[in-house]
2 protein chains.
Amino acid sequence: MIKYILLGFIKYGPMTGYEIKQNMEHSTAHFWHAHHSQIYTTLRKMEQEGLVSSQLQQQEGSPDRRVYSLLPAGRQILNEWLEHPQTEATPIKEDFLVRIFFSATRDPQEVIAEVRLHIKLHQEKIIIYQATQNHLENDLRCKKIVPDREIDFWLFTLDMGFRFEKMYIEWLTETLSRLQQM
Amino acid sequence: MIKYILLGFIKYGPMTGYEIKQNMEHSTAHFWHAHHSQIYTTLRKMEQEGLVSSQLQQQEGSPDRRVYSLLPAGRQILNEWLEHPQTEATPIKEDFLVRIFFSATRDPQEVIAEVRLHIKLHQEKIIIYQATQNHLENDLRCKKIVPDREIDFWLFTLDMGFRFEKMYIEWLTETLSRLQQM
DNA sequence: GGTCGCATGTAAGCTGTTACATGATTGA
DNA sequence: TCAATCATGTAACAGCTTACATGCGACC
């Protein structure tokens with residue numbers, strides 16, 4: 001999956017691993033994240049596979065930049081991936097639910113405190129997503145850096161981010177009141 | 001994480017890897033899944049670490065069963081893990097959103113078809129969760145196999161499963177209509 | 001003087017997936 | 001006869017995290 005994300009970004013134009021990481025933090029963070037170590041190693045592997053090419057750019061004062069460009073083979077496997085629809089729902093892995101699942105024998109007050117903490121954590125996510133939305137709608141769209149249609153699709157995914165956090169907070173709030181009644 | 005899930009199940013009573021896998025499919029599947037290969041290898045590793053012990057049970061006709069029991073060290077690290085609250089929201093990795101994010105240049109009809117397919121996939125999830133709910137409320141709770149309080153907590157996580165799928169379908173439906181208007 | 005941003009990388013280890021492998025019994 | 005269920009395992013790989021490592025310039 002990380003491979004297609006990297007190809008997807010480089011398709012917008014030649015890019016360094018560092019820039020991809022920055023872009024991900026301001027666009028895909030609500031549904032996908034990666035450490036810089038994984039991005040750099042995967043880009044190198046993709047270069048060996050002939051999907052992308054790179055060239056070093058020297059800079060005064062700053063460290064050198066390795067700029068990656070999309071090669072035909074890379075464009076092709078990205079397009080092939082997009083053309084074949086995903087036929088199964090993505091399985092969920094939600095650590096917090098594992099904890100709740102096994103929390104029947106815990107101190108009820110500690111469980112309640114943890115649920116309260118997570119309400120706060122998910123409220124903070126919404127604040128972050130609002131900043132992302134502003135950035136997409138005001139900075140990127142107005143400056144015409146990225147085509148409008150791209151931003152529309154990015155906003156679709158952000159919409160899901162908001163809905164997810166809203167749903168999560170509702171569930172936490174309901175669970176909190178049930179725990180208090182027990 | 002898989003380690004704590006295995007310990008959590010074995011805490012209910014001695015269990016084989018096969019049984020843990022079955023239990024997971026009827027209880028944690030909506031927020032965590034694991035392949036049998038990972039379960040078996042992790043159980044073996046945990047035995048070497050002194051967290052669980054196992055004994056082979058011979059059976060006529062059927063293959064031998066390796067039954068795992070919780071050791072004090074295993075109970076302790078499970079309790080320690082539960083006592084330390086999770087202080088960050090679980091990051092999401094949602095393949096389908098990656099596809100939507102990079103779908104601006106795809107054939108709109110193919111994107112629409114894929115969104116429709118996912119509405120169906122998530123509706124099917126709800127049907128499965130309803131069967132799980134019946135199993136918990138009617139079979140398990142009435143037969144008094146598992147303490148009522150445990151089932152309450154399991155139902156909390158299942159409630160999240162329903163809410164997630166409902167939210168997902170609402171988002172897909174909204175996205176579908178926006179795509180059709182474009 | 002300290003931290004932040006720029007910019008890249010390696011290495012070790014853990015987690016997770018896919019495929020291969022066996023073999024008896026039960027029921028359609 | 002065919003598939004499913006019971007029951008366990010190994011091996012190869014792919015994916016991901018954490019820590020280590022460098023070094024300049026700008027700003028407070």
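Order of the sequence lines sets the chain letters (A, B, ...), proteins ahead of strands, with each chain counted from 1.
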Would you mind reading off the distance between [X] atom [atom1] and [N] atom [atom2], rounded to a whole angstrom?
| X | N | atom1 | atom2 | result |
| --- | --- | --- | --- | --- |
| B/D95 | C/dT17 | CG | P | 11 Å |
| B/L6 | C/dT15 | CG | C1' | 13 Å |
| A/N23 | C/dA7 | CG | C1' | 15 Å |
| A/H36 | D/dT17 | NE2 | P | 13 Å |
| A/M1 | C/dT17 | CE | P | 13 Å |
| B/K3 | C/dG13 | NZ | C1' | 13 Å |
| B/Q58 | C/dA24 | CD | C1' | 15 Å |
| A/Q57 | C/dA7 | CD | C1' | 12 Å |

Any donor-acceptor N or O pair under 3.5 Å, side chains B/T132, B/H30: no

Side-chain donor-acceptor contact under 3.5 Å, A/R178 with A/T175: no

Tell me whether the OP1 or OP2 atom of [N] has a side-chain N or O from [X] closer than 4.0 Å.
| X | N | answer |
| --- | --- | --- |
| B/S37 | C/dG16 | no |
| B/Q38 | C/dG16 | yes |
| A/H33 | D/dT17 | yes |
| A/Y18 | C/dT8 | no |
| A/H35 | D/dT17 | yes |
| B/Q22 | D/dC6 | yes |

Enumerate donor-acceptor pairs with a distance under 3.5 Å from any side-chain N or O in residues 76-84 of chain A to protein atoms, sequence neighbours excluded.
{"from": "A/Q76", "atom 1": "NE2", "to": "A/E80", "atom 2": "OE2", "distance (Å)": "2.9"}
{"from": "A/N79", "atom 1": "ND2", "to": "A/R75", "atom 2": "O", "distance (Å)": "3.3"}

Touch class at under 4.0 angstrom, heavy-atom based, for A/K93 against every strand present: sugar-phosphate

Sugar-phosphate only, base, or nothing, as touched by A/E19 at under 4.0 Å among non-hydrogen atoms: nothing

Sub-4.0 Å heavy-atom contacts from residues 40-51 of chain A onto DNA chain C, ordered by number: A/Y40, A/T41, A/R44

Are [X] and [Y], when compared by the centres of their aromatic rings, separated by less than 6.0 Å?
| X | Y | answer |
| --- | --- | --- |
| A/F31 | B/F101 | yes |
| B/F102 | A/W32 | no |
| B/W154 | B/Y12 | yes |

All pairs passing ring-ring contact (aromatic ring centres under 6.0 Å, His included) where residues 39-58 of chain A contributes a residue, at least two apart: A/H36-A/Y40

Residue A/I2, side-chain atoms from C-beta onward, closest of C/dT8, D/dC16, C/dA7: D/dC16

Given DNA chain D, 5'-ward residue of the pair B/D64 and B/P91, judged by closest heavy atom: B/D64

Under 3.5 Å donor-acceptor, A/T41 side chain and A/Q38 backbone: yes

